[in-house]
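Notes to accompany the following structure.
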Amino acid sequence: MMGDQRPLGTSTAYDRIKGAFGPGSAPFAAHHLDRVRAADYLVAALNAQITWAVAENDIRAFLATQGATPDLIQEQVGRARDLLEPWLS
């Protein structure tokens, strides 16, 4: 876990979100290994009993630390929503 290094307002599962994105500006869970890592984040989120709103915040915070544009962040949140929200509602 990243502990105190997590961005303010992120969940204890935050440290696993990075793996769900490929190198560079690859989309959320686009590659098979990224999907496996997205599933790892999902399991951590379920164990922590976080909601989709918290997961969305984790994704937004991570992408902001990577210098993503607001449009890219919105696009990736939409992509992640399709995969994660049904489990975290």
Side-chain angles (χ1 to χ4, degrees):
M1 293 288 166
M2 293 178 72
D4 294 336
Q5 295 178 6
R6 287 187 288 120
L8 188 62
T10 57
S11 78
T12 57
Y14 174 83
D15 64 326
R16 293 192 169 104
I17 198 66
K18 178 181 180 179
F21 293 91
S25 60
F28 181 82
H31 184 272
H32 170 72
L33 290 177
D34 300 340
R35 282 188 175 256
V36 170
R37 293 179 191 117
D40 182 52
Y41 172 80
L42 176 59
V43 169
L46 289 169
N47 286 334
Q49 299 180 344
I50 70 169
T51 63
W52 161 248
V54 175
E56 179 179 351
N57 188 57
D58 284 352
I59 293 163
R60 288 182 182 279
F62 170 73
L63 291 172
T65 67
Q66 302 303 302
T69 65
D71 288 341
L72 179 62
I73 291 172
Q74 191 61 32
E75 178 184 322
Q76 294 310 307
V77 165
R79 183 172 170 84
R81 178 180 288 117
D82 292 342
L83 296 169
L84 300 177
E85 186 177 30
W87 295 93
L88 300 176
S89 295

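Everything numeric in this text was worked out from a predicted model, so none of it was measured.
- Atoms CD and CG, from Gln74 and Leu63 in turn, are 11.0 Å apart once rounded to the nearest 0.5 Å.
- Between Arg6 and Thr12, the closest side-chain pair of non-hydrogen atoms falls below 4.5 Å.
- Here CG of Asn57 is found 14.0 Å from CZ of Phe62. Values are rounded to the nearest 0.5 Å.
- When each of Thr51, Val54, Leu46 is checked for a side-chain contact (heavy atoms from CB on, under 4.5 Å) with Leu88, only Leu46 meets the rule.
- Criterion: ILVMFWY side-chain heavy atoms under 4.5 Å apart, direct or through other members. Under it, Trp87 and Phe28 are part of a common hydrophobic cluster.
- At a threshold of 4.0 Å, the pair Asp34-Arg37 counts as salt-bridged, since one of the basic side-chain nitrogens sits closer than that to a carboxylate oxygen.
- With a 4.5 Å cut-off on side-chain heavy atoms, Phe21 and Ile59 count as touching.
- Between Ala68 and Leu72, the shortest heavy-atom distance links the atoms CB-CD2, 3.9 Å.
- Trp52 and Ala80 make their closest contact through CH2-C, 3.9 Å (heavy atoms, listed as atom of the first residue, atom of the second, distance).
- Under the 4.5 Å side-chain criterion, counting only non-hydrogen atoms from C-beta, Val43 is not in contact with Arg16.
- Contact check on Arg79 versus Glu75 returns no salt bridge, with no Lys/Arg side-chain nitrogen under 4.0 Å from an Asp/Glu carboxylate oxygen.
- Across Ala45 and Ala13, no two heavy atoms sit closer than the pair N-CB, 3.9 Å.
- Leu84 contributes atom CG, which lies 10.0 Å from atom CG of Asp58 (distance to the nearest 0.5 angstrom).
- Here the CD-CD1 distance, from Glu56 to Ile50, works out to 11.5 Å after rounding to the nearest 0.5 Å.
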